[in-house]
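As C-alpha cells, the structure follows; a few thoughts come after it.
We're numbering straight along the sequence, starting at 1.
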Amino acid sequence: MIRKRSSQDDNIIFRLIEQELVPLSHLSAQEMEQIRKELPRRLNRGITFVACRPDNAQVVGFIHVMLHGELLYIDLIAISSAHQGMRYGKKLLEHAEHYGRLRRCKRAKVMVDEDNIRGIHFYLRHQYQMLRYVALSRCHELEKLL
C-alpha cells in the first residue's frame, strides 16, 4: 500500500535515511549534521509517500518529491534493507511519477550519489537517462520524460 506521509511516520523515515542513505553519502559529518537539522522542514516543502506492508501499517520505505514548474524532483527515496527487491521502490517511484503527471510535470529528475551504484541502476531500469556527472556534489544527474 502507498499512502501520503503522516507526522507519525517521521521517526521511521529518519531511521531509513540513517540506515540506507547516509552510508552511501560522501558528505562530511558536519554536513550530515546540518542536513539532519533541516530534514523536518525539507519534508514539509514537498510531498512524501510511504510504502507499507500489506498485512499491517509498518512503513518499509518512502519517496519524497518536490514540484518545480513542469519538473518533478525526486529528493529522497529509501527502502529498508529487509524489504529491498520486493518492488516497493518501483511502486513508490511509479506513484510519484503519476503524481507529477497529474500536476502537469513533463520531466522527472534525480541526483544519485556517485557511490550508490544500486540506485543508479534502479533509475536506469526505470527509463531514466544519465544526463551528467556533477563533480561539485559528486552525484550523477538522471532524468526521465513523463
Side-chain angles (χ1 to χ4, degrees), residues 2-52 58-146:
I2 307 292
R3 62 172 172 77
K4 285 185 181 177
R5 160 190 159 248
S6 73
S7 59
Q8 287 114 355
D9 299 322
D10 286 357
N11 284 339
I12 194 152
I13 289 171
F14 297 151
R15 187 170 43 233
L16 285 168
I17 290 168
E18 289 294 329
Q19 293 172 346
E20 306 301 333
L21 299 179
V22 170
L24 299 171
S25 177
H26 63 278
L27 298 175
S28 69
Q30 184 179 9
E31 291 169 313
M32 286 307 304
E33 191 55 38
Q34 184 62 34
I35 288 172
R36 285 181 186 98
K37 288 178 186 176
E38 295 172 1
L39 269 174
R41 280 183 298 179
R42 186 170 169 180
L43 290 177
N44 288 328
R45 282 199 305 258
I47 186 163
T48 304
F49 299 105
V50 296
C52 301
Q58 178 190 356
V59 173
V60 298
F62 77 96
I63 189 168
H64 177 71
V65 299
M66 293 184 266
L67 301 176
H68 299 286
E70 294 183 342
L71 175 68
L72 174 74
Y73 180 72
I74 301 164
D75 184 37
L76 297 163
I77 183 172
I79 309 299
S80 74
S81 56
H83 295 89
Q84 290 177 10
M86 297 180 179
R87 299 187 173 257
Y88 287 109
K90 176 183 177 179
K91 291 174 186 173
L92 282 166
L93 184 62
E94 289 173 347
H95 194 87
E97 290 172 350
H98 179 73
Y99 172 82
R101 282 187 204 94
L102 289 176
R103 280 141 188 88
R104 297 183 175 24
C105 290
K106 305 287 187 219
R107 302 174 295 132
K109 188 175 282 194
V110 64
M111 301 289 283
V112 182
D113 285 304
E114 66 183 357
D115 294 332
N116 187 352
I117 304 304
R118 288 185 70 190
I120 293 167
H121 289 292
F122 171 78
Y123 288 106
L124 292 173
R125 279 194 315 275
H126 293 92
Q127 287 74 51
Y128 281 72
Q129 304 296 314
M130 189 77 69
L131 290 182
R132 64 188 175 123
Y133 175 75
V134 182
L136 182 62
S137 61
R138 297 175 58 186
C139 290
H140 294 278
E141 183 178 18
L142 294 97
E143 183 178 76
K144 177 181 181 178
L145 297 178
L146 298 176

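- One N or O on the side chain of E20 and one on the backbone of S81 form a donor-acceptor pair closer than 3.5 Å.
- Of all the heavy atoms in M66 and G46, the pair that sits closest is CG-CA, 3.8 Å.
- R125 CZ: more than 12 foreign heavy atoms inside a 6.0 Å radius.
- Counting only distance, with no hydrogens or angles, the side chain of N44 and the backbone of R41 share no donor-acceptor pair below 3.5 Å.
- Distance check: H121 NE2 to N116 CG gives 10.0 Å after rounding to the nearest 0.5 Å.
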* Evaluate side-chain contact (heavy atoms from CB on, under 4.5 Å) for Q129 paired with E143, printing each intermediate quantity in order. => CA-CA 5 Å; Q129 304 296 314; E143 183 178 76; 5.7 Å; no
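- Rounding to the nearest 0.5 Å gives a distance of 11.0 Å between CG of L146 and CG of L102.
- Atoms NZ and NZ, on K144 and K106 in that order, are 15.5 Å from each other to the nearest 0.5 Å.
- Between F49 atom CZ and K4 atom NZ the span is 6.5 Å, to the nearest 0.5 Å.
- Tested against Y133, the residues R138, E114, E141, H140 include a single side chain to side chain donor-acceptor pair (under 3.5 Å) partner, E114.
- In summary, of the residues considered (V50, I2, I47, I74), a side chain to side chain contact (heavy atoms under 4.5 Å, CB included) with I63 occurs for I74 alone.
- Annotation: the span from R36 atom CZ to I17 atom CD1 amounts to 10.0 Å, rounded to 0.5 Å.
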* Asked: What do the steps show when you test F14 against E18 for side-chain contact (heavy atoms from CB on, under 4.5 Å), and what is the final call?
  -> CA-CA 6 Å; F14 297 151; E18 289 294 329; 5.7 Å; no
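- Under 4.0 Å is where a charged nitrogen must lie from a carboxylate oxygen, and between E94 and K91 no such pair does.
- Summarising the local packing, NE2 of H68 is surrounded by more than 12 heavy atoms from other residues, nucleotides or ligands at distances under 6.0 Å.
- L142 CG to M130 CE: the interatomic distance, rounded to the nearest 0.5 Å, is 4.5 Å.
- Of the listed residues (F122, Y128, Y123), just one forms a ring pair (Phe, Tyr, Trp, His ring centres under 6.0 Å) with H126, and that residue is F122.
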